[in-house]
Amino acid sequence: MTFYETLGVAWEGLALNKARSLLTTLGVIIGVASVIVMLGVSAGAEAAIAERINSLGADLIIVGPMRGVPGAARTLVYDDALAIAENVRGINGVSAEQFTTQDVSGGGTLLEAISVLGVTPDFPAVRDYRLLTGRFFTAEENDRKTKVAVLGYGISQDLFGAEDPFGQQVTIGSTRFTVVGVMQPKGVIADVDYDGRVYIPLSVVFQKFSSTMVGADRVRTIYVKAESREVMDSVIAQITALLVERHDVEVSQPDFSVQTQQDIIATQEATTEAFRDLLAWVAGVSLLVGGIGIMNIMLVSVTERTREIGLRQALGARPWDVQLQFLLEAVILSLVGGLAGAVGGIAGVYLFGSLGTMRTELVPASIPLAFGAAAIVGVFFGYYPATQAARLDPIEALRRE
Amino acid sequence: MEELLLNTQNVTKFYGSDDATVHALAGVNLSVRRGEFVAIMGPSGSGKSTLMNILGCLDRPTSGAYVLDGEDVSELSRAQLADVRNRKIGFIFQSFNLLPRLSALKNVMMPMLYYRQDADERPRVDEREERATRALEDVGLGDRLHHRPNQLSGGQQQRVAIARALVNQPPLILADEPTGNLDSHASEEVMTLIGGLHRKGVTILMVTHDPTIAAHAERVVCLRDGLIVADGPGGGGNCVEREGRR
Ligand SMILES: Nc1ncnc2c1ncn2[C@@H]1O[C@H](COP(=O)(O)OP(=O)(O)OP(=O)(O)O)[C@@H](O)[C@H]1O
Ligand SMILES: [Mg+2]
């Protein structure tokens with residue numbers, strides 16, 4: 001008997017119970033689909049992260065309060081930013097930021113609870129933001145605490161529509177500001193709406209919006225732009241040494257953190273990885289369940305068809321012929337499940353992508369990978385029932401009803 | 001070609017162990033020449049089916065030798081026995097044993113699937129359907145090729161099974177109560193067919209309880225308690241007589 005002849009016999013055997021056979025493969029379908037979706041989701045997340053690195057700049061250093069240290073949120077002050085700008089070598093700019101949430105009105109419209117960022121004039125250069133119209137505020141305006149504001153694109157649209165808001169008045173909290181510019185649209189990246197913000201001089205935030213409890217000159221983040229990626233390590237070391245001295249803390253227990261985009265991305269990657277691990281578990285468990293389902297149905301099939309097995313043996317089927325027949329039935333089952341799962345997985349990748357909350361990219365290699373997994377499941381879980389079939393005694397088997 | 005097709009020497013078959021041992025066969029010496037038509041009779045439990053299973057290479061004797069077609073088969077492996085069954089033995093069962101989902105033609109083609117791949121006489125795939133068709137025509141079912149077993153009468157089903165037993169042209173046909181599930185009319189049809197095979201020179205061993213069926217054979221072997229107690233020509237009268245005297 002040739003392999004193809006056995007394949008034909010196996011196919012006939014499955015066709016006998018189409019509906020049942022199909023149900024059996026459900027676990028394999030889900031397993032294979034989740035392998036493909038899993039790889040699609042993580043490929044999409046990786047692409048999104050790469051895009052974020054590009055949008056924020058790899059030469060940016062972020063100085064912030066150390067998370068989890070009591071009181072640390074209040075330790076970073078504007079003078080720290082000035083000291084960095086003055087003393088650290090190899091940098092192109094420093095931007096200190098503090099933010100407050102305020103109601104913003106203008107053009108007859110009121111917007112509630114808008115993020116208002118107090119920043120320094122270096123902000124566009126350091127953060128790589130561009131203006132759509134108008135200009136950013138100057139060092140002089142910051143020093144004089146001039147009430148000027150630059151609007152995020154979305155805020156500008158909401159308050160003034162298509163009109164150029166240059167020179168218009170907006171009220172932030174209870175203070176009136178003059179609009180001097182609008183930022184280019186940036187969109188939503190990693191859940192942050194970069195267009196829904198208003199930028200004002202940091203000194204004005206200190207003057208008007210800082211709570212006295214926190215302290216008038218506290219800043220939330222200091223962004224430092226390095227001259228090149230080569231000097232990053234040196235810049236980080238200088239900043240760390242400077243702040244350790246200024247804050248009078250131990251190097252081993254700083255009340256601040258100095259991070260790069262790479263560090264932040266690494267934590268994000270860890271999150272993505274956790275998600276990918278979860279999907280891998282789902283895929284693994286479904287394949288296991290699917291495999292056990294296949295094993296179960298094959299054992300039922302061997303029992304139901306004991307007489308057929310006995311007959312085939314009487315007609316000259318060798319143990320191996322019987323074993324191969326049932327093994328192939330299991331593999332065909334799992335591959336049919338694999339095929340359905342691949343179709344479902346590809347659909348899933350596009351579906352998740354089109355929902356808009358998650359970015360996905362179909363990984364072509366995931367399809368043969370998922371099929372391979374399905375085939376292995378078939379062989380592995382089909383082996384035992386097939387061996388049972390091959391071991392049947394022909395006389396016993398023929399006597400069975 | 002030698003005269004003897006099969007020969008058993010002191011074949012025994014025991015089931016169970018110790019006190020519960022059943023001596024299904026207690027030392028059977030049987031020789032069958034090529035072309036013979038032998039009926040095997042005997043009371044229920046006398047070991048007829050056990051003997052047929054051993055002669056059919058479905059089972060191995062507990063002790064003793066069995067030579068079939070010049071080959072000692074008592075020591076062969078399971079796979080080798082399967083090959084012997086495929087090439088040398090055609091089975092006719094009491095309950096037909098056709099696969100219900102396959103057509104008559106497919107059922108008859110089944111033995112040709114299990115030829116060894118390297119066998120010289122292995123029929124080419126395109127020859128198989130032709131050979132199965134001819135076998136079905138020979139048993140008078142040329143117009144029922146694509147019927148499923150449940151669309152055929154019992155007698156017709158047994159004829160499909162006979163076609164299947166013949167399709168590999170084995171030297172030996174084994175039939176364990178081939179008419180056991182048939183009415184007298186269908187039994188006669190089937191026995192006419194088997195008689196025809198005998199005239200063509202096929203060697204046939206047939207188990208039966210029915211003396212009129214046994215009358216078709218030229219020799220009757222009578223078993224009792226796992227032993228041959230009578231072996232002689234035609235009629236089966238002697239065996240029935242002995243059974244009667246019990
Ligand atoms: N697998 C088995 N295990 C144990 N004992 C068995 C087995 N097969 C047969 N026997 C016993 O061997 C003896 C012979 O059985 P066998 O089936 O050969 O009888 P038989 O002549 O064919 O009977 P019948 O005319 O009823 O078909 C019986 O006593 C039976 O109970
Ligand atoms: Mg019997």
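Letters A, B, ... mirror the listed sequences (proteins, then strands); counts begin at 1.
Annotation: side chain of B:Asn86 is not in contact with side chain of A:Arg318 (no heavy-atom distance under 4.5 Å). In this structure, the side chains of A:Leu311 and B:Arg164 come closer than 4.5 Å at one or more pairs of heavy atoms. The closest side-chain heavy-atom distance from B:Arg122 to A:Thr2 is below 4.5 Å.
Distance check: B:Asp59 CG to A:Glu396 CD gives 9.5 Å after rounding to the nearest 0.5 Å. Residue A:Arg399 holds its CZ atom at 7.0 Å from CG of B:Asn53, rounded to the nearest 0.5 Å. Note: B:Ile54 CD1 to A:Ile395 CD1 = 8.0 Å, rounded to the nearest 0.5 Å. A:Glu5 CD to B:Tyr114 OH: the interatomic distance, rounded to the nearest 0.5 Å, is 9.5 Å.
Enclosure of atom OH in B:Tyr15 by more than 12 non-hydrogen atoms of other residues, nucleotides or ligands within 6.0 angstrom is indicated. Summarising the local packing, OH of A:Tyr383 is surrounded by 12 or fewer heavy atoms from other residues, nucleotides or ligands at distances under 6.0 Å. Residue A:Phe371 places its CZ atom among more than 12 non-hydrogen atoms of other residues, nucleotides or ligands, all under 6.0 Å distant. Within a 6.0 Å sphere centred on CD of B:Glu129, other residues, nucleotides and ligands contribute 12 heavy atoms or fewer.
Between chain B and the options A:Gly8, A:Ala317, A:Pro319, heavy-atom pairs under 4.5 Å are most frequent for A:Ala317. Between chain A and the residues B:Ser77, B:Ala79, B:Ser49, the largest count of heavy-atom pairs under 4.5 Å involves B:Ala79.
Shortest non-hydrogen contact noted between A:Asp393 and B:Leu58 is OD1-O, 4.3 Å.
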Item to check | Residues B:Ser95, A:Arg307; criterion side-chain hydrogen bond (donor to acceptor under 3.5 Å, both in side chains); working and verdict | outcome: CA-CA 11 Å; B:Ser95 50; A:Arg307 217 182 153 90; 2.7 Å; yes
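If you measure heavy-atom distances from B:Arg87 to chain A, you find no contacts under 4.5 Å at all. Contacts between A:Ala390 and chain B at a heavy-atom distance below 4.5 Å involve the backbone alone (N, CA, C, O). Both the backbone and the side chain of B:Arg116 come within contact range of chain A, judged by heavy atoms closer than 4.5 Å. Using a 4.5 Å cut-off between heavy atoms, B:Tyr115 contacts chain A through its backbone alone, with no side-chain atom that close. Heavy atoms closer than 4.5 Å to chain A are found in the side chain of B:Leu102, but not in its backbone.
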